[in-house]
Chemist: 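I'd like to ask some things about the structure below.
A, B, ... follow the sequence lines: proteins, then strands. Residue 1 opens every chain.
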Number of protein chains: 2
Amino acid sequence: MQTFDLEGFLPYRLNRAAEFVALRFAAQYKARYQLTRPEWRTLAALGSSGRSMTATEIGAHSSMHKTKVSRAVFSLEQRRWLQRREDGRDRRFEHLALTAQGQQAYSELTELASGYQAELCSMIGAKNLEALSTGLGAVERVMKKWKGL
Amino acid sequence: MQTFDLEGFLPYRLNRAAEFVALRFAAQYKARYQLTRPEWRTLAALGSSGRSMTATEIGAHSSMHKTKVSRAVFSLEQRRWLQRREDGRDRRFEHLALTAQGQQAYSELTELASGYQAELCSMIGAKNLEALSTGLGAVERVMKKWKGL
DNA sequence: TAATATTAGTTGCGATCGTAACTATTGTTT
DNA sequence: AAACAATAGTTACGATCGCAACTAATATTA
């Protein structure tokens, strides 16, 4: 009677894979930098964009709740990895940018990340990786469409 | 100088996609059944397996921490959606199975799930879905390998 | 321009989480 | 068999989370 296949259910599979893959990487940066997941994600968003961003932009970009972003920004600021600059025209906005120290940390962390990515890729295989990337790209387009509404 | 590409970093992409896709579905079962995410995942694992499972098996299957599983089991038991049965040979084990009520809830929820899956599929497209599935399958094999060690 | 709505970001608070320590049971070693 | 290790599951507790309410600033409307 049951025609539903959990093993084929996308949210379930995505979550399981994401959780597993993220945890192994989190163990590395937690041990070395005492960074939390939201902190790393915020740092990564800023570092990779190469420019300043607002908290809202960071949240939209990385699918994080705004309170998560707010707290991550606070603690990165405490570490002096990040600086706030008020927008002169619209003072509701805060432009967030990495400090030199933050840039340094980011570049160290991307070393870790690249190593992990390489490890994943070699286990997954180039062909499967390409398939995964294609599929994720499609999901990302759906995300944009739904967020746009 | 930076050669790291966050947009290509698998843990980041997977997490973002998983979070987004899961949240939209969670909104549905939260509203109708006041179910939490770990509760739904536990119910789904049990329902789809069609047999009884131990808490450890559920955790391994769905990548959930054992305390999460423990609490989800407790609250599903309170709802009378799930029953525990002690293993006669090894009393450390508890065999968990859905009650008739739990089965009923499961089948209603799989209706929701199927609808959501269909919506996703139509947005993503059959071809991309197949690619995603191939890629996730590869990740799942890596998970098994790493868990096995 | 006064009233109202909207938006960016923060915070109080109750709910949830995960680590570590725990109980209970079984397996292994000597 | 006594001592020790390992495993299933629970729980105390501090950390983290997200909802809702908040502040502050800007945009819109009457």
Side-chain angles (χ1 to χ4, degrees), chain A residues 15 18-20 22-27 29-31 33-42 45-46 52-78 82-97 147-148, chain B residues 15 18-20 22-27 29-31 33-42 45-46 52-78 82-97 147-148:
Chain A
N15 248 297
E19 191 64 18
F20 184 81
L23 272 185
R24 289 184 70 91
F25 183 53
Y29 58 71
K30 264 184 195 165
Y33 296 91
Q34 284 82 48
L35 269 187
T36 67
R37 201 121 76 100
E39 283 160 19
W40 151 247
R41 288 163 70 82
T42 298
L46 276 173
S52 72
M53 298 172 78
T54 67
T56 299
E57 282 177 316
I58 293 174
H61 186 271
S62 57
S63 281
M64 282 197 292
H65 194 273
K66 65 178 179 172
T67 63
K68 249 186 195 170
V69 177
S70 175
R71 284 154 180 155
V73 165
F74 177 78
S75 82
L76 290 178
E77 191 187 22
Q78 296 290 88
L82 169 161
Q83 254 188 339
R84 303 178 198 242
R85 188 174 51 77
E86 202 179 53
D87 186 314
R89 301 176 200 184
D90 187 335
R91 287 183 309 178
R92 288 174 300 186
F93 290 92
E94 290 182 332
H95 298 280
L96 308 167
K147 278 188 185 169
Chain B
N15 248 297
E19 192 64 18
F20 184 80
L23 272 183
R24 288 184 71 91
F25 183 53
Y29 58 71
K30 265 185 196 166
Y33 296 91
Q34 285 81 47
L35 268 188
T36 67
R37 200 121 75 100
E39 284 160 19
W40 151 246
R41 288 163 70 82
T42 298
L46 276 172
S52 73
M53 297 171 80
T54 67
T56 300
E57 282 177 317
I58 294 174
H61 186 271
S62 57
S63 281
M64 279 198 294
H65 194 272
K66 65 178 179 173
T67 62
K68 249 186 195 170
V69 177
S70 176
R71 284 155 180 153
V73 165
F74 177 79
S75 82
L76 290 177
E77 192 187 20
Q78 296 290 89
L82 169 160
Q83 254 188 339
R84 304 176 197 242
R85 186 174 52 76
E86 204 179 51
D87 186 312
R89 303 177 198 182
D90 187 335
R91 288 184 308 178
R92 287 173 302 186
F93 290 91
E94 290 182 331
H95 298 279
L96 308 167
K147 278 187 185 170

Chemist: Give the rounded distance in Å between these two atoms: CD of B/Gln78 and C1' of D/dT10.
Modeler: 14 Å
Chemist: Establish, with yes or no, whether the OP1 or OP2 oxygen of D/dT10 is under 4.0 angstrom from a side-chain nitrogen or oxygen of B/Ser70.
Modeler: yes
Chemist: Partners of A/Tyr29 by ring-ring contact (aromatic ring centres under 6.0 Å, His included), sequence neighbours excluded?
Modeler: A/Phe25, A/Trp40
Chemist: Can you tell me if B/Lys68 touches the phosphate of C/dT16, counting only side-chain N or O atoms and a distance under 4.0 Å to OP1 or OP2?
Modeler: no
Chemist: Quick one: A/Arg84 CZ to C/dA8 C1', roughly how many Å, whole number?
Modeler: 12 Å
Chemist: So if I define the base as every atom that isn't primed, P, OP1 or OP2, how would nucleotides 19-26 of chain D read as a B/S/- string at a heavy-atom cutoff under 4.0 Å?
Modeler: BB----BS
Chemist: Who pairs with A/Ser75 by side-chain contact (heavy atoms from CB on, under 4.5 Å), at least two apart in sequence or on another chain?
Modeler: A/Glu39
Chemist: How would you list, by chain and number, every residue that makes a side-chain contact (heavy atoms from CB on, under 4.5 Å) with A/Arg71, sequence neighbours excluded?
Modeler: A/Thr67
Chemist: Against A/Ile58, only a single residue in A/Lys68, A/Lys66, A/Met53 fulfils side chain to side chain contact (heavy atoms under 4.5 Å, CB included); can you say which?
Modeler: A/Met53
Chemist: Go through the structure and list residues passing salt bridge (charged side-chain N to carboxylate O under 4.0 Å, His left out) with B/Asp90, not counting sequence neighbours.
Modeler: B/Arg92
Chemist: Between A/Asp87 (CG) and C/dA8 (C1'), how many Å, whole number?
Modeler: 11 Å
Chemist: To the nearest Å, give me how far apart CD (A/Glu19) and P (C/dG18) are.
Modeler: 7 Å
Chemist: Please enumerate all residues that pass side-chain contact (heavy atoms from CB on, under 4.5 Å) together with A/Thr56, with sequence neighbours excluded.
Modeler: A/Thr54
Chemist: Output yes when at least one side-chain N/O atom of B/Thr56 is less than 4.0 Å from OP1 or OP2 of D/dG9, else no.
Modeler: yes
Chemist: Using whole Å, report how far CD of B/Gln34 lies from C1' of C/dT16.
Modeler: 17 Å
Chemist: Expressed in angstrom and rounded to an integer, what is the separation of B/Leu35 atom CG from C/dA15 atom C1'?
Modeler: 16 Å
